Amino acid sequence: MKKRYYLSIAVTIILLFITHKIWILTGNGPIFNGYPFLIILICGYLLSLKLTSYLADFKNIQNQSRIEIVFLTVFFIMLFIPMSHINRDYISQKENRTLTQWKPFIEDSGNLNYTFGKDFENWFNDRFYLKSILYELNALTSLCDSHWETPRVLKGEEDWLFYKGDNSIRNYQNLDPFTKEELEKITRYLLSVDNYCKKRNKQFYFVIAPDKNKIYGEHYPNYILKQTPNTDSRANQLTNYISDNTNIKVLYLYDTLKEHKKENQLYYKTDTHWNHLGAYYGYNEIINTINKDFNNNLPKAEINSVSYKEFSGDLNKMLPKYLQAQKEFEPITNIRNINHICKKTKTVKDIQYCTNINNQYNLIMYRDSFTVNLIPYLSESFKNSKYIWKYDVDKDEISDKDIVIIETVERYLPSFIRRKPLEEI
């Protein structure tokens, strides 16, 4: 009996060590300060006591062999392997995206996080040990299917690759519309930014870049049901709600890109993003809208010529080599009379500054990766432009700016539901 209790204590210590390691990796410090330690100590001890008790009586009660006991013990040990080495990275270079960040059960404000279970699941799924190896093994099964998919990538018609993350397929099918409460929460945040800017003689614009599957849905696999009419999409839901209830300048670039795709390919086949031509058409609509508020005083970047070079995108990098598509030819736009100069500060938020002494107004843009191909054009139109890879507007950062833009790709719209209005910060 004593051996059983000693074994229970040993298992509890192992559980505490593993949890302690995870806690440190999330940036929350040691767990043995306060309630978390007590909760894990009690639960871990009871669990290990029950487990060791069951294993000790297993042979007598169930009349099973020692091999089965060993198998069961090894099985439970293997359950802890995924958490034995948690990925610390902020950005996944292979998947070209920001990994899910840790959200504690007790928030900094002292409030309970009622979605902790889902938040922890998303965080762990992004960071568990041997994740990349399991993805590689799963991809091997795709070799026998002409319309294969991996956990992150979907192969469409004519070798087009599509991103599966962030519920992109369901968004393509319009299966997850916003509720009225969610629309109100997103609008409340954007309206707080708009009101703050207007009181200080600044202009605010909210820009939505369409998902690749919305513009090139004809290349989606035919076994996925086509989307319902685009008026039912979350992006259209939101833009209509904002337009009906506020004076926020919101631009959903869907119509512009749909129109110009007849002339050129606007998104990469092997990448999640629009190419330089797609970004240019998006830029034109953005700058034309801004110019209406600034008496056409902002100069426009113009394309002098287009050249092409080989390109392999982020979706290809998410795949094992034996599934990667052939390289495509990327259109490189050559801007006429470039006058801006940019410098990049490589930080967690990836800040970039650009200057053009020939211009008059200052821009700050809160953005995601879709802005990368916008920067060469926008920087031609402003005196000082600052691009920050985040969506949360900072009052200090916009103090000396004339124009504030938040740009987001369509699939990230749900992330705005939980953003706090400026007056609450």
Side-chain angles (χ1 to χ4, degrees), residues 177-210 233-256 282-298 349 351-352 359-368 370-371 374-375 377-379 381-425:
F178 286 127
T179 64
K180 183 178 180 182
E181 181 183 7
E182 289 172 337
L183 291 170
E184 290 173 349
K185 287 182 177 179
I186 297 174
T187 304
R188 190 179 303 126
Y189 169 67
L190 298 175
L191 189 58
S192 73
V193 177
D194 189 57
N195 288 337
Y196 186 87
C197 289
K198 285 179 178 176
K199 290 178 182 178
R200 291 158 181 80
N201 296 317
K202 307 176 189 297
Q203 290 291 336
F204 169 63
Y205 303 89
F206 184 53
V207 178
I208 304 172
S233 72
R234 287 190 301 201
N236 269 326
Q237 263 191 296
L238 181 60
T239 53
N240 290 336
Y241 185 86
I242 291 174
S243 298
D244 291 342
N245 295 279
T246 74
N247 292 318
I248 297 172
K249 303 289 179 65
V250 56
L251 297 174
Y252 179 35
L253 303 176
Y254 176 87
D255 290 336
T256 293
Y283 157 78
N284 270 336
E285 184 166 343
I286 294 170
I287 208 66
N288 287 341
T289 301
I290 296 176
N291 258 329
K292 292 177 182 177
D293 298 321
F294 287 83
N295 299 317
N296 291 317
N297 285 329
L298 280 77
K349 296 176 182 176
I351 303 174
Q352 188 164 343
N359 296 332
Q360 181 178 357
Y361 298 105
N362 298 323
L363 164 74
I364 186 167
M365 192 167 189
Y366 296 90
R367 53 91 170 193
D368 53 36
F370 265 70
T371 293
L374 281 175
I375 289 176
Y377 308 121
L378 286 170
S379 302
S381 299
F382 297 93
K383 181 178 182 180
N384 296 293
S385 47
K386 184 177 181 180
Y387 308 93
I388 306 179
W389 200 320
K390 67 175 183 177
Y391 294 137
D392 295 306
V393 174
D394 188 307
K395 296 176 183 178
D396 294 331
E397 291 170 342
I398 67 175
S399 60
D400 60 341
K401 302 298 186 289
D402 304 298
I403 296 164
V404 179
I405 298 177
I406 296 179
E407 174 276 320
T408 178
V409 66
E410 185 173 347
R411 64 179 178 268
Y412 289 162
L413 286 174
S415 70
F416 285 84
I417 296 172
R418 298 179 63 177
R419 303 197 181 278
K420 294 181 179 179
L422 286 190
E423 58 266 19
E424 297 180 10
I425 300 176

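The model shown is predicted, which means the values in this text are computed figures rather than measured ones.
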Ile286/Tyr205 under side chain to side chain contact (heavy atoms under 4.5 Å, CB included): CA gap, chis, key distance, verdict: CA-CA 9 Å; Ile286 294 170; Tyr205 303 89; over 6 Å; no
Do [X] and [Y] have side-chain heavy atoms sitting under 4.5 Å apart?
X	Y	answer
Tyr189	Ile406	yes
Phe206	Ile186	no
Leu298	Asn359	no
Gln352	Ser385	no
Met365	Ile388	no
Leu422	Val193	yes
Glu410	Tyr252	yes
Tyr366	Glu397	yes

Mind checking side chain to side chain donor-acceptor pair (under 3.5 Å) for [X] and listing every partner two or more places apart, or none if nothing turns up?
X	answer
Asn296	none
Asp392	Arg419
Thr408	Tyr391
Tyr361	none

Rounded to the nearest 0.5 Å, how far apart are [atom1] of [X] and [atom2] of [Y]?
X	Y	atom1	atom2	answer
Ser399	Asp394	OG	CG	9.0 Å
Thr239	Leu251	OG1	CG	10.0 Å
Lys180	Glu184	NZ	CD	5.5 Å
Leu238	Ile208	CG	CD1	5.0 Å
Thr187	Ile242	OG1	CD1	4.5 Å
Ser381	Leu363	OG	CG	9.0 Å

For Ser233 and Tyr254, what are the C-alpha separation, side-chain angles and deciding distance, and is it a side-chain hydrogen bond (donor to acceptor under 3.5 Å, both in side chains)? CA-CA 11 Å; Ser233 72; Tyr254 176 87; over 6 Å; no
Sole candidate of Glu423, Lys202, Lys395 that passes side-chain contact (heavy atoms from CB on, under 4.5 Å) when paired with Tyr196: Lys395
Go through the structure and list residues passing side-chain contact (heavy atoms from CB on, under 4.5 Å) with [X], not counting sequence neighbours.
X	answer
Asn245	Tyr241
Glu182	Phe178, Thr179, Ile417
Lys401	Asn362, Ile364, Lys386

Within a radius of less than 6.0 Å around CG of Asn247, do more than 12 heavy atoms belonging to other residues, nucleotides or ligands occur? no
Please name all residues satisfying salt bridge (charged side-chain N to carboxylate O under 4.0 Å, His left out) with Arg418, sequence neighbours left out, ordered by chain then number. Asp119
For Asp293, which residues count as a salt bridge (charged side-chain N to carboxylate O under 4.0 Å, His left out) partner, sequence neighbours excluded? Lys249
Heavy-atom closest contact ([X] atom, [Y] atom, distance):
X	Y	value
Ile398	Cys197	CD1-SG, 4.3 Å
Ala209	Glu407	CB-OE2, 4.1 Å
Asp402	Phe294	O-CZ, 4.3 Å

Partners passing ring-ring contact (aromatic ring centres under 6.0 Å, His included) against Tyr377 (at least two apart in sequence or in another chain): Tyr280, Tyr283
Output all residues satisfying ring-ring contact (aromatic ring centres under 6.0 Å, His included) with Phe370, sequence neighbours left out; order by chain, then residue number. His273, Trp274
Under 3.5 Å: donor-acceptor pair, side chain of Ser415, backbone of Tyr412: yes
Please report the C-alpha distance between Ile405 and Ile290 in whole Å, then the side-chain angles of each, then the deciding distance to 0.1 Å, and finally whether the side chain to side chain contact (heavy atoms under 4.5 Å, CB included) criterion is met. CA-CA 10 Å; Ile405 298 177; Ile290 296 176; 4.0 Å; yes
